[in-house]
There are 2 protein chains.
Amino acid sequence: MLQLRDLPNRETLEKFAARYPQADISAISAFLHLLRVATDLSVALDACLSRHGLLQGRWWVLILLMREDALQSTPSALAEKAGVTRATMTGLLDGLERDGLIARELDPQDRRSVSIRLTASGQQKLDEVMPDYYSRLRTCMAALDERDRQQLNDILNLINAGIRAFDQ
Amino acid sequence: MLQLRDLPNRETLEKFAARYPQADISAISAFLHLLRVATDLSVALDACLSRHGLLQGRWWVLILLMREDALQSTPSALAEKAGVTRATMTGLLDGLERDGLIARELDPQDRRSVSIRLTASGQQKLDEVMPDYYSRLRTCMAALDERDRQQLNDILNLINAGIRAFDQ
DNA sequence: AGATTATAGTTAGGTTGCTAATTAAGTCAA
DNA sequence: TTGACTTAATTAGCAACCTAACTATAATCT
């Protein structure tokens with residue numbers, strides 16, 4: 001996401017602002033800081049998951065399946081919810097099937113369709129990963145009290161509404 | 001980064017929290033919200049850059065070169081600052097050289113070393129992209145006053161300090 | 001000097017995302 | 001009932017990241 005490690009300091013930002021008067025220095029700083037911390041969180045999460053033989057893409061698939069009452073879904077529905085293309089989902093499911101965490105089953109109703117089921121191994125994997133993830137996340141966020149969390153939430157909503165400035 | 005589109009609602013979180021008592025629901029919500037907004041920002045930025053024929057990786061290389069007084073650097077230094085491996089930088093530089101935005105020049109001092117220079121085309125590309133980027137970012141963040149920006153900054157620092165909870 | 005070690009850059013091969021094209025199956029309207 | 005459209009999943013090929021291994025050169029240490 002934001003690979004850049006060498007974030008601009010105030011001096012660099014001012015140098016750029018001198019050439020490009022549209023620059024809003026505190027907006028740029030806030031933006032880069034947000035991307036930097038989010039990226040580091042995501043990388044840390046991946047590192048944590050990879051100790052269990054998973055990565056975010058495949059982990060989310062297992063979670064989405066576990067959310068379903070019947071512990072099953074279809075590649076299309078999973079792709080939609082996971083926010084990846086169906087092509088990407090095919091690849092993720094290939095890996096999960098190879099590891100025995102999910103199973104593909106033909107749908108007798110609609111012969112185009114495949115039913116994806118969380119296997120006992122898959123559930124077991126989640127029962128191993130989720131407590132680790134949840135307790136680390138609890139610790140990570142421990143320094144934020146409820147007011148901080150609410151403020152963060154409000155600010156993120158404001159930024160989110162602004163994202164359409166990048167459209168078109 | 002966070003591909004997941006179907007974020008868990010309160011009910012789903014509670015269902016998971018019942019099975020995994022380590023779950024801190026407001027921590028999870030804040031975490032996912034942060035990743036969601038940051039990812040959407042990053043995707044929006046990429047979309048904006050791609051209208052100029054760039055993507056984040058290549059764009060940051062141009063910016064890093066522009067920060068240098070002599071408008072030049074080396075692949076190693078750029079890789080370090082951009083937060084990618086030297087192998088990845090080789091690929092990014094290949095693309096930028098192909099498009100004429102940077103030039104590779106041999107260093108007569110150290111024959112292992114290559115000097116990367118921002119070309120006139122590269123500078124021109126930045127002069128076209130940066131005003132667009134800066135004005136969109138200004139608009140995106142316009143709803144946040146200075147107090148919001150400071151609060152965001154403080155909260156991000158707290159989260160950042162907590163990231164080591166995912167280590168080891 | 002000669003051997004070892006470190007550094008710069010690239011190449012090779014893997015992963016996970018993408019888009020576009022393809023194959024197969026279901027739907028619907030004239 | 002057939003032609004056009006839609007939907008499900010996959011395959012193929014591209015981009016940008018990774019690690020590991022390699023080549024060439026420079027620096028360092030007996």
Side-chain angles (χ1 to χ4, degrees), chain A residues 1-5 35 39-40 42-43 45-47 49-50 53-62 72-99 102-117, chain B residues 1-5 35 39-40 42-47 49-50 53-62 72-99 101-117:
Chain A
M1 189 156 105
L2 182 69
Q3 302 294 333
L4 191 72
R5 302 254 47 120
L35 290 187
T39 301
D40 290 345
S42 177
V43 168
L45 172 59
D46 269 333
L49 294 175
S50 74
L54 290 175
L55 282 174
Q56 280 188 58
R58 300 173 60 195
W59 177 63
W60 284 118
V61 173
L62 296 182
Q72 59 183 13
S73 184
T74 63
S76 303
L78 291 169
E80 172 95 11
K81 291 177 181 174
V84 301
T85 61
R86 284 175 295 168
T88 297
M89 184 53 62
T90 295
L92 292 174
L93 294 173
D94 285 347
L96 288 167
E97 188 180 32
R98 196 188 332 109
D99 292 354
I102 61 117
R104 277 184 167 101
E105 281 154 11
L106 295 178
D107 179 343
Q109 249 67 60
D110 183 341
R111 292 197 293 159
R112 292 169 307 182
S113 191
V114 174
S115 176
I116 305 297
R117 185 174 53 77
Chain B
M1 185 154 108
L2 181 68
Q3 302 295 334
L4 191 70
R5 303 259 35 127
L35 291 186
T39 301
D40 289 346
S42 177
V43 168
L45 173 59
D46 268 332
L49 294 175
S50 75
L54 290 174
L55 283 174
Q56 281 187 58
R58 300 172 59 192
W59 176 62
W60 283 120
V61 173
L62 297 182
Q72 60 183 12
S73 184
T74 63
S76 302
L78 290 170
E80 172 96 10
K81 291 177 182 175
V84 299
T85 61
R86 284 175 298 164
T88 298
M89 185 54 63
T90 295
L92 292 174
L93 293 173
D94 285 346
L96 289 166
E97 187 179 34
R98 194 188 337 110
D99 292 355
L101 304 178
I102 61 114
R104 278 183 166 100
E105 281 156 10
L106 296 177
D107 179 344
Q109 250 66 60
D110 182 340
R111 292 199 293 161
R112 292 170 303 182
S113 190
V114 173
S115 177
I116 305 297
R117 183 173 55 75

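Everything quoted here is computed from the prediction, not taken from an experiment. Chain identifiers are assigned alphabetically (A, B, ...) following the order of the sequence lines, protein sequences preceding nucleic acid strands; residue numbering begins at 1 within each chain.
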*Report, as a single string ordered 5' to 3', how protein heavy atoms within less than 4.0 Å touch nucleotides 2-13 of chain D: B base, S sugar-phosphate only, - not at all.*
-----BBBBB--
*So which heavy atom on B:R104 is nearest to which on B:L93, and how close?*
NH2-CB, 3.6 Å
*Could you give the distance from CH2 (B:W59) to CG (B:D46), rounded to the nearest 0.5 Å?*
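Spacing of CH2 (B:W59) from CG (B:D46) equals 9.5 Å.
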Taking [atom1] from [X] and [atom2] from [N], how many angstroms apart are they, rounded to a whole number?
X      : N      : atom1 : atom2 : answer
B:L78  : C:dT10 : CG    : P     : 11 Å
A:L2   : D:dA16 : CG    : P     : 16 Å
B:L106 : D:dA26 : CG    : P     : 12 Å
A:L4   : D:dA16 : CG    : P     : 16 Å
A:W60  : C:dT16 : CH2   : P     : 17 Å
B:L55  : D:dC14 : CG    : C1'   : 12 Å
B:L92  : C:dG9  : CG    : C1'   : 14 Å
A:L54  : C:dT16 : CG    : P     : 11 Å

_Counting only heavy atoms from other residues, nucleotides and ligands, does the tally under 6.0 Å from CD of B:E80 exceed 12?_
no
_B:D107 side chain vs B:Q109 backbone, donor-acceptor pair below 3.5 Å_ = yes
*Is the backbone of A:A47 close enough, under 3.5 Å, to the side chain of A:S50 for a donor and an acceptor to pair up by distance?*
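Flag set: sc A:S50 to bb A:A47 pair under 3.5 Å.
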_Quick check: do A:E97 and A:I116 have side-chain heavy atoms less than 4.5 Å from each other?_
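With C-beta onward as the side chain, the pair stays apart.
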*asked:* Within the 4.0 Å heavy-atom criterion, would you say B:G83 contacts the bases, only the backbone, or no part of the nucleic acid?
replied: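 Sugar-phosphate, backbone atoms only, no base.
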*Counting side-chain heavy atoms from CB outward, which of D:dC17, C:dC18, C:dG26 is closest to A:V84?*
C:dC18
